[in-house]
Structures are given as C-alpha cells and as structure tokens.
Peer 1: 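Sending over a structure as structure tokens; questions will come in a sec.
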There are 2 protein chains.
Amino acid sequence: MIKLIDIAKKLGLSLTTVSRALNDYEEVSSKTKELVRRTAKELGYVPNKFARNLALKKSHLISLLYDDYQETISYQSFTFEVIAGVRNYFGRTPYDLIIVPGNLKSDKREPLKNICYSRGIEGLFVVGIRTNDPYIEELKRDFIPAVVVDYPLMTKKVTYIQSDNLKGCKLAVDYLVSRGHGRIAFINGHDLAAVSPLRLNGYKTALKSNGIPFDKGIVKAGNYTEKSGYDAVSQLLKEKADFTAVFAASDLMAVGAIKALKEKGLKVPEDIAVVGFDDVFFAEYSHPSLTTIRQHKFDLGYIGAMELHGIIENPERPLRSRKIDVELIIRESA
Amino acid sequence: MIKLIDIAKKLGLSLTTVSRALNDYEEVSSKTKELVRRTAKELGYVPNKFARNLALKKSHLISLLYDDYQETISYQSFTFEVIAGVRNYFGRTPYDLIIVPGNLKSDKREPLKNICYSRGIEGLFVVGIRTNDPYIEELKRDFIPAVVVDYPLMTKKVTYIQSDNLKGCKLAVDYLVSRGHGRIAFINGHDLAAVSPLRLNGYKTALKSNGIPFDKGIVKAGNYTEKSGYDAVSQLLKEKADFTAVFAASDLMAVGAIKALKEKGLKVPEDIAVVGFDDVFFAEYSHPSLTTIRQHKFDLGYIGAMELHGIIENPERPLRSRKIDVELIIRESA
DNA sequence: AGTAAAATCCAAAGCGCTTTGGAAAGTTTG
DNA sequence: CAAACTTTCCAAAGCGCTTTGGATTTTACT
C-alpha cells in the first residue's frame, strides 16, 4: 500500500506539500499540484481514510438504525425504499453509511452512545423504531444528530420526518365519501407504531369535515398484518355492523380485509369498497388491485437524509420536522 | 471524549498498561486489570476504533454492494432479505457493514479497489450484480475477499452462493407433470441475470428426465417484470401455442402471466396452471395465490456471510461455492 | 540594487491507539 | 544471600494523515 510519504520521497518533496497538493491547498503552486497528482495516480495512491479521520476528527459516517424483523414483511419494502433514498442522498456527499451489528429489537444491544462514539459516527438515521424502544430515551439525550422516520422526536439535534398521515386519511375518506359512502369502517394498526394514533385521528378529522358522525362500533384495532385485517372485517361482519366501505391503515390489512369480504360472498368494490395505506409494491398486483394512499418512501429517506446532513454541517440552524406529501392512488378496490 | 491516557493519568499507570489491561493481556496483574476496567467504565471510556484500526491495520469492515434500482421492484425484497441474513451473521462478530455511496449501476463509480483500500475494507458482499457489470472484472483480479450472490465467480479469494436453481426447476416441472401437465411453457428472464440460463437449463433438464421433448415454441424470453410475463403469455396465446401450464422464472412474471390468462377468459389453475420462482412475499397474497419455488433468501445472506468471514479469517482454506436448498410451495395457482 | 510582500515549501507535533524492547520489582532457587 | 527467573510495568516508536509555525525562495516595487 503506497502512502503519502512515498510520493514525497519519489518527488523530493515534503510530506506536507504532497498532502496539501492533493487536498488542493492554495499554498502550493499549480505545477507541483499537477505533478503530485499525476504521480499519485501513477503510483495508484489511495488515501487512508482512517488516518485521515483520525487527524481530522471527522469520520464521515452515518449509521443506519433499522429493524430486519418487522412483524409484517411488507414493512421491509418500506424500510428498503427509505434506505434507498438515504443512500442516494448521501451518495452525493463524502459520507458513508454504516450498519452496526445487531438489531433494533434485540435487547442486549450496545448503548447508542457506545456505538456512535467508538466509531466516531456523526449522525443517525432511524427507521422503524417502536414506541417502546429504549433507544428513544437515548436519542432524547440529544448527544448526536439524528433523523427518525415516523416517530415524533424534536430536540436540538434530532428531528423527524413522516408522511402527511392526516392528509392521507383525508384523501381516503373524502374519496370514499365522494363515491357515496357514509359508513366507513376503519382498521387501525397497533400502538407500537407512532403513526397509528395519527391515522386514527386523521380518520376522525376527515369524517367530521364531511359531517359524518364518528362511530366507535366500526373501528377495529389490527396490528398491520394481513390476518389482523381479515379478523377485523370478519368481526365486523359477524357483528352485522353497518358499513359500505373499509379504510385500512395499511395495505396488508386491506388485503386481509378483502379476503374476508370475498369469503362471505361480498364483492369488492361493488358491495364494499376498500382503501389501503402505504402503496407497497404488491398493492398493484393484488386482486382487486388496491386503491390506496401512496407514501413516497424514497423521498422520506432522501429528504430525511438531507435534513440530517444539514444538522451535521450546520448545527446552529434551527430544526424543523418534515412532512412528506402523500397521494391517492385509485385502482380497483374502491 | 475521554481516552486511554486519561485513565492512565488518573490511575498513575502507564498508557501501555491501561491499553493492555483493557485488552486482557497476560502481562498485567488481575488486580490492575480490574481496577483499570472499573475506572474505564466509571469515566465512560469508549475506545476509538479509528485509532485502533490504524494501529492494528484492521478495519473490521465489510462492504455491501447492491443495487437500489432493480428494474423489478420485487427484487428489492430479495436483496433486503439477503442483507438481513448478512447483517444477522456479522452481528455475532466484531465486523460492521458499510454501504459505500453510489449505486452498482451508476457508471461514474469509483473503482472497487479505491473504495476498499481507502476504507480498509476487508471483505465484499455482493448481491444483484449484472452479468455486464465492470465490477466483475475487478472482482476477478482477486484483490479482496468477496462473496457474490447469484453470479458464478471463483478465484482464490472470491466465491459465490446461489439457490439450487436446477433443483428448483426440477421441483416445479415435476410437480406440474405430476398434475398431468405435458405441455409446460417457460418464461425466462433476461441475460443480465446469471441465473437466467441456469433456470432455462433446469427447465430443459427436468423436461428430459420426465421424457418430455423440449419445444422451443413454448419458451419465451421475459425480463423479470410483470409486463414481460403478461406479454409472453399474450404472445403464446396469440400464436395458439399448445400448453396447459406456465412456469415463470420469477413470481412477478408469473403474476403477469396470470393476468394475461385471466383476460382471455382462462381460469388459473383449472385451464392453465402457473408456477413462479422466488416466493417473494406477495406471492401469498396475489390471486390466485402463487405456487412457486421458494428461495431461502435470508440463508443466502447468512451462509454467504459466514463463508466470507471464513475467507477473511482463514485465507488459506480452500474455497467452495455454496448452493442453498429451495422448496416447492404449493398454493392455488397450480 | 535593495527591500517588502507574496509564493512555496518544510520539520515537527499531534490524532488515539498498539506494540516493541527493556527496566524495575517480586519470587523462586541453590 | 546472591543468582536466576517471573511478574509487572513503562518510554518510545509507529500506524498514515493534517496542520502549525517558520524558513526559504520568488516576485514586485521604490
């Protein structure tokens, strides 16, 4: 492995000059710069980032915190796309992404502080954290810049980003209302996801703005799995609840809901309309294809990453949380 | 940030002794070890990995090379699950995973060598590489331990891992034959995926072992997208080809195939049976749910990672490529 | 030509850790 | 009790880079 000093020796220059030439300092003439650069390339010189980081006290490392084992596998695709956005953004910067061992879920994890300090990590991008995760407390200590997806956390160094859940629910409900539905059942997810109460609230708000009374009887709690959607609708049917449409807080639950409806001989959307949330990629391929609220997952990652970058480079700037727009995707199910 | 020398000063010990105490060297008495460890903990000491790496010339860094922008979004879930396996394996080791900026696809990427050398990366885990990717040439230069998924590459330091495609095809064809199908159409993927020829070959082999002649007329080339599956089958139908079953080299193409069949009023599986490949997660939720060949994606990652770890820690050990077992998942479509 | 200013360059220290080669203290032997 | 080990510790060098504080050379101006 060839290093700076080798170039210096070969050229009869000092270490300092070589370093400066490569880093484009003004104190070195353009001729020597050129010379140094050329020979560096010739010799196949590659700078050693560790040494550099050590000297600069800068790691250019962002750590990704996410969970592999979401209970609903569909959530994986959400996470993956968000990460794609993060990666894409930081690809334009000198930052690398690092995934530290272990899982968000595992209980014998290292404290966040250790993870970050030992590796000189400069920022954290968190996706898929549960509301009961102890890391949240650590994040609140505010010792490192962080952006978290879908969990409201605002301190001096950490902020959050999420889809506009309120608007999403409004789009869904308004659309159903516009199609003549007055009795819209709602299937929510569990409380370990911070978005669940938001979506319930969005549902209520949208009902109100349409002059429709909220009826606790046609709201069911699910847990984002297909089965929970299936169970919720089965339950509603058994109770002979009065509804002509179902709004599910996730696509997977919507799929489950549809399955339950079909089994009872009900047609979607003719008898009961169904709207999902997320627009995971199979929404398009399920049958009937799902009308749903699309989250822009890539943007969530990309813009979140941009925000994180901002916090790191410009710590004084006041933070803001970001809301990413959502979109109603009309397909067959409603 | 507190460092070794601080502990040393506080305890009136030398830097050396403190370092050795923390690293459990024999040359230091257990009393001092204990003392040092305790005060280290008290002071909240966290070792600086950069400094450590620099001194040890060891980074404990594995780089993940993968592509965010597969043309078929379903491939994302494959990649994600493989990576989950990799992460899970290395979570038990001192290695971290790093994602270097940029994308497998982008053409103005850094040479692999630079990426690795500048960060002291010790191993590469590659998933989703195309057959025409220039990185393949670099990998062949054999300058760094690597494990690649689904692309056959075997040198002193790099090996590969893949699902047992041959067996997968045999399972699919045998199953269809056992259900009375003698005319099985095949929709393959494009040649940028190294698995495509393997699957075609598996199809042929399986036909032969069942005494069924190979008929080029019912084999179509797709590109792993839903549309290509749709087009392939539409084409077959237009040509009035003689077939009672379709075997698609990916689930997404299988879904497309089913769509085309339905549109022509054919029932799946009653009129035409369809089998896919991969078992991506929506296979279960499509309609009819897909009979398919399941790839154990997590294992691909986990075992591949284990292999990579082996290459790094024990470079002399002869390499072997690995085949991961596949499984026939019988659902409704066949 | 003589001097000030600008342009180049360099030696050495420092980033936080590990490791080498001894030295000092403690223990065991003959 | 001295010699010979053992045990326990340490000073200093090194990992490959950046940066400080000067030194030296070149250019510009009277």
Side-chain angles (χ1 to χ4, degrees), chain A residues 1-37 39-40 43-61 94 96 113-122, chain B residues 1-37 39-40 43-61 94 96 113-122:
Chain A
M1 205 79 303
I2 141 137
K3 42 196 180 171
L4 275 192
I5 189 79
D6 299 323
I7 307 184
K9 273 180 187 157
K10 167 148 187 183
L11 257 38
L13 285 174
S14 91
L15 187 54
T16 313
T17 307
V18 174
S19 166
R20 286 183 158 154
L22 291 177
N23 288 332
D24 205 23
Y25 274 51
E26 290 187 351
E27 299 104 301
V28 35
S29 72
S30 43
K31 293 158 222 153
T32 18
K33 266 187 196 170
E34 183 46 40
L35 178 66
V36 169
R37 281 180 190 147
T39 50
L43 297 179
Y45 169 75
V46 176
N48 178 323
K49 290 210 176 193
F50 290 134
R52 189 156 213 272
N53 292 341
L54 189 56
L56 288 177
K57 291 172 155 259
K58 191 113 176 55
S59 71
H60 284 297
L61 238 37
D96 287 339
K113 211 170 224 171
N114 283 24
I115 292 179
C116 296
Y117 285 175
S118 71
R119 296 166 179 85
I121 285 167
E122 299 185 40
Chain B
M1 203 79 304
I2 140 137
K3 41 195 181 169
L4 275 191
I5 190 80
D6 299 323
I7 306 183
K9 272 179 187 157
K10 166 149 190 181
L11 258 37
L13 285 173
S14 90
L15 185 56
T16 314
T17 307
V18 174
S19 165
R20 286 183 159 155
L22 291 177
N23 289 331
D24 207 23
Y25 274 52
E26 290 189 350
E27 299 103 304
V28 37
S29 72
S30 42
K31 293 158 222 156
T32 17
K33 266 187 198 172
E34 184 45 40
L35 177 65
V36 169
R37 280 179 190 150
T39 51
L43 298 180
Y45 168 75
V46 176
N48 178 323
K49 290 209 178 195
F50 290 134
R52 190 155 212 273
N53 292 340
L54 188 56
L56 289 178
K57 292 170 154 258
K58 190 113 176 58
S59 72
H60 284 299
L61 238 38
D96 287 340
K113 211 169 223 170
N114 283 24
I115 293 179
C116 296
Y117 285 173
S118 73
R119 295 167 179 85
I121 285 167
E122 300 184 40

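In what follows, every heavy atom counts, from backbone to side chain, and hydrogens, waters and symmetry copies are set aside. These numbers were taken from a predicted model, which means no experiment stands behind them. Chain identifiers are assigned alphabetically (A, B, ...) following the order of the sequence lines, protein sequences preceding nucleic acid strands; residue numbering begins at 1 within each chain.
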Peer 1: Just how large is the angle between the end axes of the helix from dA1(C)-dT30(D) to dG30(C)-dC1(D), five pairs per end, to 10 degrees?
Peer 2: 50°

Peer 1: Identify each atom pair where a protein N or O and an N or O of nucleotides 20-25 of chain D are less than 3.5 Å apart, giving names and distance.
Peer 2:
none

Peer 1: Sequence neighbours left out, what passes salt bridge (charged side-chain N to carboxylate O under 4.0 Å, His left out) with Arg119(B)? Give chain and number order.
Peer 2: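 With sequence neighbours excluded, Arg119(B) shows a salt bridge (charged side-chain N to carboxylate O under 4.0 Å, His left out) to Asp96(A), given in chain and number order.
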
Peer 1: Glu122(A) side chain to Lys58(A) main-chain N or O, any donor-acceptor pair under 3.5 Å?
Peer 2: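 Looks like no, no N/O pair under 3.5 Å.
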
Peer 1: Side-chain contact test, heavy atoms from C-beta onward, threshold under 4.5 Å: evaluate it for Val36(B) versus Thr17(B) and give yes or no.
Peer 2: no

Peer 1: Ala8(B) and Leu15(B): which non-hydrogen atoms are nearest, and at how many Å?
Peer 2: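 Looking at all heavy atoms of both residues, the closest pair is CB-N, 3.9 Å.
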
Peer 1: In Å, rounded to the nearest 0.5 Å, how long is the span from NZ of Lys10(A) to CG of Leu35(A)?
Peer 2: 10.0 Å

Peer 1: So Leu4(B) and Leu22(B), do their side chains get closer than 4.5 Å, heavy atoms only?
Peer 2: yes

Peer 1: Could you pull out all residues at least two apart from Tyr117(B) that satisfy ring pair (Phe, Tyr, Trp, His ring centres under 6.0 Å)?
Peer 2: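 Scan of Tyr117(B) (ring pair (Phe, Tyr, Trp, His ring centres under 6.0 Å), adjacent residues dropped) gives Phe143(B).
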
Peer 1: Roughly how far, to the nearest 0.5 Å, is the CD1 atom of Ile7(A) from the CZ atom of Arg37(A)?
Peer 2: 12.0 Å

Peer 1: Rounded to the nearest angstrom, tell me the gap between atom CG in Leu11(A) and atom P in dT8(C).
Peer 2: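 The distance from CG of Leu11(A) to P of dT8(C) comes to 16 Å, rounded to the nearest Å.
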
Peer 1: Under the salt bridge (charged side-chain N to carboxylate O under 4.0 Å, His left out) rule, collect the residues that match up with Glu27(A), sequence neighbours excluded.
Peer 2: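 Glu27(A) satisfies salt bridge (charged side-chain N to carboxylate O under 4.0 Å, His left out) with Arg20(A) once adjacent residues are dropped.
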
Peer 1: With a 4.0 Å cut-off on heavy atoms, is Gly12(B) in touch with a base, just the backbone sugar-phosphate, or nothing at all?
Peer 2: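 Sugar-phosphate: the residue Gly12(B), judged by heavy atoms under 4.0 Å, touches backbone atoms but no base.
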
Peer 1: Find the distance Leu13(B):CG to dA24(C):P and express it as a whole number of Å.
Peer 2: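 Value for this atom pair: 18 Å.
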
Peer 1: Check the phosphate of dC9(D) against Thr17(B), side-chain N and O only, distance under 4.0 Å to OP1 or OP2. Yes or no?
Peer 2: no

Peer 1: Kindly say if Tyr25(A) contacts the phosphate of dT19(D), meaning a side-chain N or O under 4.0 Å from OP1 or OP2.
Peer 2: yes

Peer 1: Return the polar atom pairs (N/O with N/O) between nucleotides 15-17 of chain D and the protein under 3.5 Å, or none.
Peer 2:
| from | atom 1 | to | atom 2 | distance (Å) |
| --- | --- | --- | --- | --- |
| dC15(D) | O2 | Ala55(B) | N | 3.4 |
| dG16(D) | OP1 | Lys57(B) | NZ | 3.0 |
| dG16(D) | OP2 | Lys3(A) | NZ | 2.5 |
| dG16(D) | N2 | Ala51(A) | O | 3.3 |
| dC17(D) | OP1 | Tyr45(A) | OH | 2.6 |
| dC17(D) | OP1 | Asn48(A) | N | 3.2 |
| dC17(D) | OP2 | Leu4(A) | N | 2.7 |

Peer 1: Do the side chain of Lys49(A) and the main chain of Gly120(B) share a donor and acceptor less than 3.5 angstrom apart?
Peer 2: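 Judged by distance alone, no pair lies under 3.5 Å.
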
Peer 1: Between atom CG in Leu22(A) and atom P in dT19(D), what is the gap in whole Å?
Peer 2: 13 Å

Peer 1: Given side chains that start at C-beta, do those of Val18(A) and Lys3(A) come closer than 4.5 Å, heavy atoms only?
Peer 2: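 No, their side chains stay 4.5 Å or more apart.
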
